[in-house]
Structures are given as C-alpha cells and as structure tokens.
Amino acid sequence: MQGIQQFIPLILIFGIMYFLLIRPQQKKANEHQAMVAALRRGDQVVTQGGMIGKVVKVREDGEVEVEIADGVKVRVIQSTIATVVSKT
C-alpha cells in the first residue's frame, strides 16, 4: 500500500502533462495535415518562410507549385504551407 501511494503523484503529473501539452500538440498537427491535404488550385497560401502566393498546381509527390508574382512560380513542399488565406 505504501509503495502505490508514492507513485500516485507521478501518475498525476504524467496525466496533467498529457492533457496540457501532448494532446493539444497532436490535435494541432492533425489539423495542419487536414489543411494541407485539402489544398486546391487557386487557394491563396502563406508558406512557413513568409511567402504569400496562389496555388497553381498540387503535385502527387508532396509538392505544390505556388505563383508568388505574375509569371513567377516556385515549388514548395506541401507540409511547409503555414496557412491558407483564402479558399477558392
């Protein structure tokens, strides 16, 4: 009985850490994956590098072609898209 009581605070700390740190981080990662999977041609996006552009083509190999100015297209990795500013 004495040994179990010593582990109760440790178990409580782990439970609190799970609900305050690990679970919200997993939820945010899942939301980001869903956002990246829903990218379509014409969406205006912001990359993690801070570039704002319009999605021209979504490729099968995890790349996205983004037009950052008239006639200037860059290829970026899909997971580096930070936010979608506007959907088409």
Side-chain angles (χ1 to χ4, degrees):
M1 190 67 167
Q2 186 79 12
I4 294 174
Q5 289 179 346
Q6 290 177 346
F7 286 111
I8 290 176
L10 186 63
I11 293 169
L12 287 174
I13 289 172
F14 180 74
I16 291 169
M17 293 289 282
Y18 175 77
F19 283 107
L20 292 179
L21 296 175
I22 298 170
R23 191 167 177 230
Q25 193 173 32
Q26 287 176 343
K27 184 178 178 183
K28 187 175 179 181
N30 288 339
E31 289 173 357
H32 183 263
Q33 283 179 338
M35 181 214 36
V36 168
L39 279 177
R40 298 289 175 253
R41 184 174 176 231
D43 291 349
Q44 190 171 7
V45 297
V46 177
T47 66
Q48 289 179 353
M51 289 192 297
I52 300 172
K54 183 185 268 188
V55 175
V56 176
K57 183 189 282 186
V58 179
R59 298 178 177 216
E60 294 294 322
D61 55 352
E63 292 182 356
V64 178
E65 199 168 300
V66 178
E67 184 176 31
I68 56 175
D70 291 335
V72 180
K73 298 175 186 172
V74 293
R75 289 185 341 197
V76 296
I77 304 296
Q78 233 176 359
S79 61
T80 63
I81 302 295
T83 57
V84 176
V85 178
S86 64
K87 306 272 291 165
T88 55

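All values below come from the heavy atoms of this structure, side chains included, with hydrogens, waters and symmetry mates left out.
Here Ile8 is tied into one hydrophobic group with Leu12, each link being a pair of ILVMFWY side chains closer than 4.5 Å. Cluster partners of Val46, using a side-chain heavy-atom cutoff of under 4.5 Å among ILVMFWY residues and allowing indirect links, are Ile52, Val85.
Pairing each heavy atom of Pro9 with each of Gln6, the nearest pair is CD-O, 3.5 Å. Scanning all heavy atoms of the two residues, the minimum distance from Ile81 to Thr47 falls at CD1-CG2, 4.2 Å. Contact record, Arg40 with Ala37: NH1-O, 3.6 Å, taken as the closest heavy-atom pair.
Scanning for side-chain contact (heavy atoms from CB on, under 4.5 Å) contacts around Glu63 gives Arg59, Asp61, Arg75, Ile77, with sequence neighbours left out. Taking Asn30 as the reference, Gln33 meet the side-chain contact (heavy atoms from CB on, under 4.5 Å) condition, with sequence neighbours excluded. For the side-chain contact (heavy atoms from CB on, under 4.5 Å) test, residues two or more places apart in sequence or in another chain that qualify with Gln5 are Met1, Gln2. For the side-chain contact (heavy atoms from CB on, under 4.5 Å) test, no residue two or more places apart in sequence or in another chain qualifies with Arg41.
Ile68 and Leu39 fall within the same hydrophobic cluster, defined by Ile, Leu, Val, Met, Phe, Trp and Tyr side-chain heavy atoms under 4.5 Å apart, directly or through other members. Clustering ILVMFWY residues whenever any of their side-chain heavy atoms sit less than 4.5 angstrom apart, transitively, puts Phe14 in a cluster other than the one holding Leu10. In the hydrophobic clustering of this structure, Leu21 groups with Ile13; members are Ile, Leu, Val, Met, Phe, Trp, Tyr whose side-chain heavy atoms approach within less than 4.5 Å, directly or through other members. Cluster membership for Val64 and Val72, using ILVMFWY side-chain heavy atoms within less than 4.5 angstrom, is shared.
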Please report the C-alpha distance between Val76 and Gln48 in whole Å, then the side-chain angles of each, then the deciding distance to 0.1 Å, and finally whether the side-chain contact (heavy atoms from CB on, under 4.5 Å) criterion is met. CA-CA 10 Å; Val76 296; Gln48 289 179 353; over 6 Å; no
In sequence, state the C-alpha distance, the side-chain angles, and the governing distance for Met51 and Val74, and then conclude on side-chain contact (heavy atoms from CB on, under 4.5 Å). CA-CA 10 Å; Met51 289 192 297; Val74 293; 4.3 Å; yes
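Counting only residues at least two apart or on different chains, no salt bridge (Lys or Arg N to Asp or Glu O under 4.0 Å) pair has a member in residues 48-58. Counting only residues at least two apart or in different chains, salt bridge (Lys or Arg N to Asp or Glu O under 4.0 Å) contacts with residues 11-20 are absent. The stretch residues 15-28 participates, sequence neighbours left out, in no side chain to side chain donor-acceptor pair (under 3.5 Å) pair at all.
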